[in-house]
Amino acid sequence: MCAIDAPTIIRTKRDGGVLSDAAIDWVIAGYTHGRVADEQMSALLMAIFLRGMTPAEIARWTAAMVASGERFDFTDLRRAGKPLALVDKHSTGGVGDKITIPLVPVVLACGGSVPQAAGRGLGHTGGTLDKLEAIPGFTAELSKDRIRQQLCDVGAAIFAAGDLAPADRKIYALRDVTATTESLPLIASSVMSKKLAEGAEALVLDVKVGRGAFLKVESESRELARTMVDLGNAYGVPTRALLTDMDRPLGRTVGNAVEVAESLEVLAGGGPPEVVELTVALAAEMLAAVGIDGVDPAETLRDGSAMDRFRDLVSAQGGDLSQPLPVGACSETVTASRGGVMGDIDAMGVAMAAWRLGAGRAHPGDPVQSGAGVRIHRTPGEPVAAGDPVFTLYTDTAERLPAALAELDDAWCVGDVAPALRPLIIDRIG
Ligand code: URA
């Protein structure tokens with residue numbers, strides 16, 4: 001067998017070649033254990049970004065990332081004497097995407113179980129863990145034994161990926177600082193390596209399309225969805241995907257505690273209709289994927305059972321919902337200078353505003369402000385009068401406000417007619 005070395009692997013991909021299984025296994029294991037340097041992996045990631053990967057390369061890259069760490073197996077667990085219907089969902093990253101927070105308890109209330117490895121935000125998109133950690137006392141750093149116990153006791157656990165797919169953790173951080181995030185093979189393998197390792201027996205993917213998504217063009221997002229669905233199925237984990245709009249923010253809040261507050265409204269039977277619509281649609285897909293039928297996920301929001309399951313989950317992870325959620329100490333409200341109809345809102349502009357306010361981080365490990373974020377008072381198509389509040393910005397750091405306000409400058413408008421909006425759920429794949 002020929003010797004494998006990093007420069008040869010980089011050169012092969014740089015020149016448009018196909019990496020062998022052995023080369024992929026070697027480079028992922030080598031990078032995980034520090035034998036391949038950051039600069040070498042950076043160069044390889046850029047070559048992959050520019051040249052792409054074949055389906056076989058993506059499958060092998062994903063398998064090598066799964067093999068870089070532990071793979072959980074919860075099939076031996078029982079609740080009330082029965083095996084768990086283990087199902088999870090993952091979103092490819094959106095703006096105002098708080099769906100996991102109401103979704104997990106809805107699925108629980110319908111009889112499903114959810115082992116969810118979740119991430120912290122990096123770049124412009126928020127992370128579920130940063131949002132949940134805005135709840136006083138909530139922890140996502142759970143040991144495997146605690147995850148197993150919690151799955152038996154409450155049916156769900158939302159935890160930091162920890163030892164799952166450690167290669168992805170290192171590569172994801174490197175992609176963020178080498179402008180290689182928006183790559184189909186790298187997104188597909190990153191998402192699926194964590195999800196295939198976490199122990200779910202079926203998966204539902206929420207693949208975002210539009211200005212606030214990593215992949216902006218619908219045809220690319222469709223291909224991403226198809227690639228991930230095929231990867232999951234090939235691994236023996238039945239996988240399906242919804243393609244959903246991310247041109248504008250999801251719901252009326254973008255940030256950390258503000259998104260938890262909006263999720264609590266949804267769990268209390270209210271909240272923005274689009275957040276409810278997506279929660280219910282994803283729950284229906286998850287339940288169908290594990291063969292649970294005859295239940296209406298929307299009913300669990302109306303009858304309070306999803307809220308009860310959320311309280312169980314939060315308290316199992318140390319959170320205290322009787323404490324007030326943090327709110328940034330400084331705020332500023334943007335008002336409309338004319339009346340009319342609220343026009344389109346650019347998800348990326350709002351995401352960048354929330355990030356500048358301190359809701360997100362510039363480097364892995366940076367702290368985030370739980371109380372930072374943006375509240376959207378008028379959504380596209382709603383009537384607006386001159387002087388009406390349109391956005392309120394929250395932060396603990398007053399000096400962050402001017403840059404955040406500047407991000408919003410070109411992100412919205414008031415017009416005379418309602419903007420044409422694409423449907424929230426664009427398609428279903430798988
Ligand atoms: N979510 C992930 O886990 N990885 C990506 O690359 C993008 C979104």
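Note that the coordinates shown come from a computational prediction; the quantities given were computed from them, not determined experimentally.
The residues Glu57 and Arg60 are annotated as not salt-bridged, no charged nitrogen and carboxylate oxygen being separated by less than 4.0 angstrom. A salt bridge between Arg222 and Glu218 is present, with a side-chain N of the basic residue lying under 4.0 Å from a carboxylate O of the acidic one. Between Glu182 and Lys216 no salt bridge is recorded (no basic side-chain N to carboxylate O distance below 4.0 Å). Between Glu262 and Arg375 no salt bridge is recorded (no basic side-chain N to carboxylate O distance below 4.0 Å). Taking the charged nitrogens against the carboxylate oxygens, Asp245 and Arg211 have no contact shorter than 4.0 Å, which rules out a salt bridge. Between Arg356 and Glu399 there is no salt bridge, since no side-chain N of the basic residue sits under 4.0 Å from a carboxylate O of the acidic one. Between Arg311 and Asp308, none of the side-chain N atoms (NZ, or NE/NH1/NH2) sits under 4.0 Å from a carboxylate O, so this pair counts as no salt bridge. Salt-bridge check for Asp346 with Arg248: failed, with every basic side-chain N at 4.0 Å or more from each acidic carboxylate O.
To the nearest 0.5 Å, the span separating CG on Leu325 from CG on Leu264 amounts to 6.5 Å. One distance of note links CG of Leu393 with CG of Leu357; it measures 5.0 Å at 0.5 Å rounding. In this structure, CG in Asp312 is found 10.0 Å from CD in Gln150, a value given to the nearest 0.5 Å. We find the CG-CZ distance between Leu151 and Arg148 to be 8.5 Å, quoted to the nearest 0.5 Å. Expressed to the nearest 0.5 Å, how far NZ of Lys144 lies from CG of Leu164 amounts to 9.5 Å. Lys170 contributes atom NZ, which lies 10.5 Å from atom OG of Ser68 (distance to the nearest 0.5 angstrom).
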| task | Give the intermediate values and the outcome of salt bridge (charged side-chain N to carboxylate O under 4.0 Å, His left out) for residues Arg71 and Glu198. | result | CA-CA 6 Å; Arg71 193 172 179 202; Glu198 74 182 2; over 6 Å; no
| task | Just do the side chain to side chain contact (heavy atoms under 4.5 Å, CB included) check on Trp61 and Ile48 with the steps written out, would you? | result | CA-CA 11 Å; Trp61 186 272; Ile48 292 171; 3.7 Å; yes
| task | Evaluate the criterion side chain to side chain contact (heavy atoms under 4.5 Å, CB included) for residue pair Phe159 and Leu129; output intermediate values, then yes/no. | result | CA-CA 8 Å; Phe159 49 93; Leu129 298 186; over 6 Å; no
| said: Run the salt bridge (charged side-chain N to carboxylate O under 4.0 Å, His left out) test on Glu382 and Arg252 for me, step by step, so that the C-alpha distance in whole Å, both residues' side-chain angles and the decisive distance to 0.1 Å come before the verdict. | reply: CA-CA 12 Å; Glu382 287 185 332; Arg252 290 178 175 262; 2.3 Å; yes
| request: Kindly determine whether Asp176 and Arg361 satisfy salt bridge (charged side-chain N to carboxylate O under 4.0 Å, His left out), including the steps that lead there. | output: CA-CA 11 Å; Asp176 202 55; Arg361 51 175 67 77; over 6 Å; no
| field | side chain to side chain contact (heavy atoms under 4.5 Å, CB included) evaluation trace for Arg240 with Ile429 | value | CA-CA 6 Å; Arg240 52 180 83 187; Ile429 291 163; over 6 Å; no
| task | Would you please test Glu133 and Ser370 for side chain to side chain donor-acceptor pair (under 3.5 Å) and show each step? | result | CA-CA 8 Å; Glu133 283 170 353; Ser370 290; over 6 Å; no
| Derivation of the side chain to side chain donor-acceptor pair (under 3.5 Å) call for Thr392 and Thr333 | CA-CA 4 Å; Thr392 301; Thr333 294; 2.9 Å; yes
| message | What verdict does the side chain to side chain donor-acceptor pair (under 3.5 Å) test give for Asp168 and Ser190, after you've listed the backbone C-alpha separation in whole Å, the side-chain angles of each residue and the deciding distance to 0.1 Å? | response | CA-CA 6 Å; Asp168 176 61; Ser190 164; 2.8 Å; yes
| message | Walk me through whether Leu287 and Val295 qualify under side chain to side chain contact (heavy atoms under 4.5 Å, CB included). | response | CA-CA 9 Å; Leu287 296 168; Val295 281; 4.1 Å; yes
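In this structure, the side chain of Asn233 engages the main chain of Val229 through a donor-acceptor pair within 3.5 Å. At distances below 3.5 Å, at least one donor-acceptor pair connects side-chain atoms of Gln369 with backbone N or O atoms of Asp396. A donor-acceptor contact shorter than 3.5 Å is absent between the side chain of Glu407 and the backbone of Val350. Put simply, the side chain of Arg309 never gets that close to the backbone of Pro105: no donor and acceptor are under 3.5 Å apart. Side-chain atoms of Gln40 come within 3.5 Å of backbone atoms of Ala37 as a donor-acceptor pair (strictly under, hydrogens ignored). With hydrogens and angles ignored, the 3.5 Å screen pairs a side-chain donor or acceptor of Arg51 with a backbone N or O of Arg14. A donor-acceptor distance shorter than 3.5 angstrom exists from the side chain of Lys98 to the backbone of Leu250, with no hydrogens or angles considered. Under a 3.5 Å cut-off, the side chain of Glu259 and the backbone N or O of Gly255 do form a donor-acceptor pair. In terms of modelled atom types and a separation under 3.5 Å, the side chain of Asp366 and the main chain of His363 share a donor-acceptor contact. Looking only at distances, no side-chain donor or acceptor of Thr397 sits under 3.5 Å from a matching main-chain atom of Arg400.
Relative to the ring axis of Phe214, Lys208 does not place its NZ or CZ within 45° and under 6.0 Å from the centre. Judged by a 6.0 Å distance limit and a 45° cone about the ring axis, Lys194 is positioned over the six-membered ring of Tyr172.
Heavy atoms from other residues, nucleotides or ligands lying under 6.0 Å from CG of Asp15 number more than 12. Heavy atoms of other residues, nucleotides or ligands lying less than 6.0 angstrom from CG of Asp409 number more than 12. Counting heavy atoms of neighbouring residues, nucleotides and ligands inside a 6.0 Å radius, atom CG of Asp163 does not exceed 12 of them.
Contact detail for Ile28 and Ala167: the closest heavy-atom pair is CG2-CB, 3.8 Å. Smallest separation of non-hydrogen atoms from Ala336 and Val414: CB-CG2, 4.3 Å. Residue Ala118 comes nearest to Thr128 through the heavy atom pair CB-CB, 4.1 Å, listed as atom of the first residue, atom of the second, then distance. What you find for Val260 and Lys131 is that their closest heavy atoms are CG2-O, 3.2 Å. Considering all non-hydrogen atoms of both residues, Ala283 and Val106 come closest at CB-CG1, 3.7 Å. Of all heavy-atom pairs spanning Ser221 and Val209, the tightest one is CB-CG2, 3.6 Å.
The side-chain heavy atoms of Glu285 and Arg428, taken from C-beta on, include a pair separated by under 4.5 Å. Counting heavy atoms from C-beta outward, Val390 and Thr335 have side chains that stay 4.5 Å or more apart.
Of the candidates Asp88, Thr62, Thr239, Lys195 forms a side-chain hydrogen bond (donor to acceptor under 3.5 Å, both in side chains) with just one, namely Asp88. Each of Ile99, Val107, Val114 was evaluated against Lys89; a single residue qualifies, Ile99, per the side-chain contact (heavy atoms from CB on, under 4.5 Å) test. Of the candidates Ile171, Thr180, Ile9, Ile10, Ile171 is the only one forming a side-chain contact (heavy atoms from CB on, under 4.5 Å) with Met41.
A perpendicular orientation is assigned to the rings of Trp412 and Phe391, their planes being inclined by more than 60° (bins at 30° and 60°).
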